[in-house]
Amino acid sequence: EHATTELSPLDRWILSKLQVLIREVTARLDDYDPRGATELLQKFIEDLSTWYVRRSRRRFWKSEADADKRAGYTTLHRCLTTLARLLAPFIPFVSEEIYQNVGRSVNRDAPQSVHLTDWPEPDYALVDEQLMSQMDLVMRFSGIGRSARNKSGIKLRQPLARAVMVAGQSDLQNVKDLAYLIEEELNVKELLLTQREEDLMDYEVVLLPQVLGKKHGALFPKLRSAVEALDRTALMTAIRQGEPVAINVEGETVTLLPEETQVRGHPKEGYSIAEERGIIVGIETIINAALEKEGLARDIVRRIQNLRKKAGFNIADRITLYYQAGPKLVEVFQTQGDYIAAETLSNTLKRKAPPQRSHRGEFRLAGEELRVGLVRVGPNSSD
């Protein structure tokens with residue numbers, strides 16, 4: 001086991017959730033509630049798979065075996081071996097397979113079967129209630145942000161410049177230290193956390209003609225003109241606080257009541273927004289040339305990864321990548337080459353026709369043809 005100081009916030013979060021899981025599953029089984037226990041196990045597995053592993057993929061994938069990567073592997077190993085023991089009463093054969101593959105394969109001194117191990121005991125020193133609360137907020141914010149991206153119709157692989165999150169001060173304070181996870185999840189370069197809705201929304205105060213027309217008659221059009229000339233922020237603040245507003249209309253003072261108006265909001269130009277229970281998330285939808293190239297690089301990587309799978313390559317196999325493409329895609333390979341190589345485990349990128357012995361694929365991206373060929377590189381190969 002590695003020292004707690006080496007663990008990332010993600011590691012400490014999932015280990016904290018694991019201890020709570022042990023405690024709660026044990027309590028459910030002691031109370032003869034197997035269904036309640038399995039529901040808790042299912043929720044934890046979802047958190048482990050769709051958040052911890054997904055957000056840790058880059059750590060697991062990088063080539064250097066540094067402390068961060070070791071901490072991630074140690075944490076995931078602990079989660080899987082503990083899960084195998086918790087799942088043993090419910091799915092005895094699958095849990096045995098997990099235990100043999102993940103537990104016994106690295107520790108031959110461990111009991112011969114998961115069914116011969118002790119029932120897990122929670123380590124309460126690893127429980128961090130504040131961190132679990134913070135991560136719940138991060139996951140909630142990210143979910144709203146994904147909704148905003150979905151509304152925009154821009155695929156998640158396309159990097160975008162900015163996201164804006166509007167929420168209360170306590171929520172913003174709680175997610176501040178983990179904001180980088182939201183940036184990664186939403187694939188944005190910058191995240192603005194703000195309490196000001198005006199940073200994301202344009203608001204206008206609309207007078208209700210069915211009310212004010214009857215009340216003021218011919219004076220109503222002049223009242224509307226007078227309102228349009230007022231400071232919009234001050235007017236909106238008063239209306240939202242339920243305060244009447246005194247307005248001078250051609251020398252006559254007219255009192256405008258909050259119930260005689262309606263505040264309407266719409267996203268600032270260039271933003272797609274989603275809102276849930278007082279939290280608003282906006283995604284900037286403007287894609288400049290640099291962002292477009294990054295998006296194309298991710299599209300290229302996705303197709304190469306699919307070709308790797310089709311070729312039957314092992315997940316850790318290194319390759320030589322051959323490619324031929326139109327001018328825009330060639331520029332992407334030249335400017336994003338390091339990223340493409342790192343993501344596809346390519347030792348070399350060669351701009352030449354794929355050789356006959358390569359695993360080849362032809363694609364069309366951004367209106368241009370792309371031909372690629374993959375050659376697996378052996379440990380002593382000079383290819």
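One-based numbering along the sequence shown. Reckoned from all heavy atoms, side chains included, excluding hydrogens, waters and symmetry mates.
The shortest distance between side-chain heavy atoms of Trp51 and Leu10 falls below 4.5 Å. With a 4.5 Å cut-off on side-chain heavy atoms, Leu86 and Phe44 do not count as touching. Between Arg78 and Leu126 the shortest side-chain heavy-atom distance falls below 4.5 Å. In this structure, Lys222 and Leu219 have side chains that are in contact, with non-hydrogen atoms separated by less than 4.5 Å. In this structure, Leu321 and Ile340 have side chains that are in contact, with non-hydrogen atoms separated by less than 4.5 Å. Side-chain contact between Asp317 and Arg308 is present, with at least one heavy-atom pair separated by less than 4.5 Å. Between Trp119 and Arg85, every side-chain heavy-atom pair lies at or beyond the 4.5 Å cut-off. Contact of the Arg298 side chain with the Gln158 side chain is not registered, since no non-hydrogen atoms from C-beta on lie closer than 4.5 Å.
When atom types are taken as modelled, the side chain of Gln19 and the backbone of Leu15 share a donor-acceptor pair closer than 3.5 angstrom. When atom types are taken as modelled, the side chain of His359 and the backbone of Leu307 share no donor-acceptor pair closer than 3.5 angstrom. Looking at Lys352, its side chain never comes within 3.5 Å of a backbone N or O of Tyr322 through a donor-acceptor pair. No donor-acceptor pair under 3.5 Å is formed between the side chain of Ser358 and the backbone N or O of Arg360. A distance-only check finds a donor-acceptor pair linking the side chain of Glu368 to the backbone of Lys328 [under 3.5 Å].
Salt bridge Glu294/Lys189: present, at least one basic N to carboxylate O contact under 4.0 Å. With salt bridges taken as basic N to acidic carboxylate O contacts below 4.0 Å, one links Glu197 and Arg240. Contact check on Asp136 versus Arg140 returns no salt bridge, with no Lys/Arg side-chain nitrogen under 4.0 Å from an Asp/Glu carboxylate oxygen. Salt bridge Glu39/Arg28: absent, no basic N to carboxylate O contact under 4.0 Å.
When all heavy atoms of Pro221 and Gly217 are compared, the pair lying nearest together is CD-O, 4.1 Å. Nearest approach of Leu172 to Met165, heavy atoms of both residues: CD2-O, 4.2 Å. Nearest approach of Tyr52 to Gly72, heavy atoms of both residues: OH-O, 3.4 Å. In this structure, Asp68 and Ser8 approach most closely via the heavy-atom pair OD1-CB, 4.5 Å.
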Walk me through whether Glu6 and Arg70 qualify under salt bridge (Lys or Arg N to Asp or Glu O under 4.0 Å).
CA-CA 9 Å; Glu6 293 184 353; Arg70 289 195 301 272; 5.2 Å; no
Glu24 vs Lys43, test: salt bridge (Lys or Arg N to Asp or Glu O under 4.0 Å). Steps then yes/no.
CA-CA 12 Å; Glu24 295 300 324; Lys43 178 64 172 67; over 6 Å; no
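Within a 6.0 Å sphere centred on CD of Gln112, other residues, nucleotides and ligands contribute 12 heavy atoms or fewer. When the shell of 6.0 Å around CG of Asn314 is examined, it contains more than 12 heavy atoms from other residues, nucleotides or ligands. No more than 12 heavy-atom neighbours from other residues, nucleotides or ligands sit within 6.0 angstrom of OH on Tyr32. Annotation: Glu269, atom CD; neighbour count of heavy atoms from other residues, nucleotides and ligands within 6.0 Å does not exceed 12. The environment of CD in Glu46 is crowded: more than 12 heavy-atom neighbours from other residues, nucleotides or ligands sit within 6.0 Å. Other residues, nucleotides and ligands contribute at most 12 non-hydrogen atoms within 6.0 Å of the CD1 atom of Ile315. Atom CZ of Arg108 has more than 12 heavy atoms from other residues, nucleotides or ligands within 6.0 Å.
In this pair, Phe60 and Tyr73 present their aromatic rings parallel. The plane angle is below 30°, not in the 30 to 60° band.
Rounded to the nearest 0.5 Å, atoms CD (Gln195) and OG (Ser170) are 9.0 Å apart. Atom CH2 of Trp13 and atom CG of Leu131 lie 9.0 Å apart (nearest 0.5 Å). The CD1 atom of Ile300 sits 9.0 Å away from atom OH of Tyr323, with the distance rounded to the nearest 0.5 Å.
Among the candidates Leu87, Leu83, Thr117, Thr81, the single residue satisfying the side-chain contact (heavy atoms from CB on, under 4.5 Å) test with Tyr99 is Thr117.
Side chains of Tyr271 and Arg162: a donor on one and an acceptor on the other come within 3.5 Å.
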